[in-house]
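Notes for the one structure printed next.
Naming: A, B, ... by sequence-line order, numbering from 1 per chain.
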Amino acid sequence: QKEVEQDPGPLSVPEGAIVSLNCTYSNSAFQYFMWYRQYSRKGPELLMYTYSSGNKEDGRFTAQVDKSSKYISLFIRDSQPSDSATYLCAMNTGGTSYGKLTFGQGTILTVHP
Amino acid sequence: GAGVSQSPSNKVTEKGKDVELRCDPISGHTALYWYRQSLGQGLEFLIYFQGNSAPDKSGLPSDRFSAERTGGSVSTLTIQRTQQEDSAVYLCASSLEATARRSGYTFGSGTRLTVV
């Protein structure tokens, strides 16, 4: 079993829809949680970062962490065709002095006009 | 440069040949990471550099894989005697701070390696 599980999709939604992306994890030592967006043939770019449990909002994006359930989510409101990409969750323990990340498989999202 | 630069962007090689992949991180970034992304898989950690030393190389899949970093800057990932299962996108990332949790990494666009 992988430490981080993420449904690869693909997920297809109409423009303007609310998108929910999720990951589950097994390592209770994970404390820092991130979402990366990756466009085709590009490297991932950091979208959201959260520490421990709770919510964080940035524009149309909201990240949620539920450490008791070992479950994290990314919500995208008013989705746009430009949001079409692969979304990767990532996390690390914070217990070490460096930033090695464990990633989910990524969810492919298509937002059609 | 403005971003993390990787070369070549694409590499096709014959099984059994050696390949070198290059990463030029953002100037001043002391931490450098190599990851591998295979079809349908997430990013798989390979190795971490802090300066020129590699405190964690636990993700290197076999002794055919090696990496070095010189001058606290450019890094080279070498794969010897390539196998078809080595086909993947090899991504390099750098960060200003070692933890990279708040700022995140800056990734390059990767080298797409195909072993035929």
>> Which label fits B:Tyr105 and A:Tyr36: parallel for a plane angle under 30°, tilted from 30 to 60°, or perpendicular past 60°?
In response: tilted

> Which bit of B:Gln37 is near chain A, if near means a heavy-atom gap under 4.5 Å: side chain, backbone, both or neither?
Replying inline: side chain

> Measuring heavy-atom distances to chain A, does B:Leu43 have an atom under 4.5 Å in its side chain, in its backbone, in both, or in neither?
Replying inline: both

> Given the options A:Gly43, A:Pro44, A:Cys89, which has more heavy-atom pairs under 4.5 Å with chain B than any of the others?
Replying inline: A:Pro44

Return yes when atom [atom1] of [X] has more than 12 non-hydrogen atoms of other residues, nucleotides or ligands closer than 6.0 Å, and no otherwise.
X	atom1	result
A:Lys67	NZ	yes
B:Glu85	CD	yes
A:Arg60	CZ	yes

> What's the spacing between B:Tyr48 OH and A:Lys100 NZ if we round to 0.5 Å?
Replying inline: 12.0 Å

>> Return the OG to CD distance between B:Ser38 and A:Gln105, rounded to the nearest 0.5 Å.
In response: 12.0 Å

Is [Y] reachable from [X] through a run of hydrophobic residues whose side-chain heavy atoms are each under 4.5 Å from the next?
X	Y	result
B:Phe65	B:Phe49	yes
A:Trp35	A:Phe75	no
A:Met91	A:Val65	yes

> Which region of A:Gln38, side chain (C-beta onward) or backbone (N, CA, C, O), has a non-hydrogen atom less than 4.5 Å from a non-hydrogen atom of chain B, or is it both or neither?
Replying inline: side chain

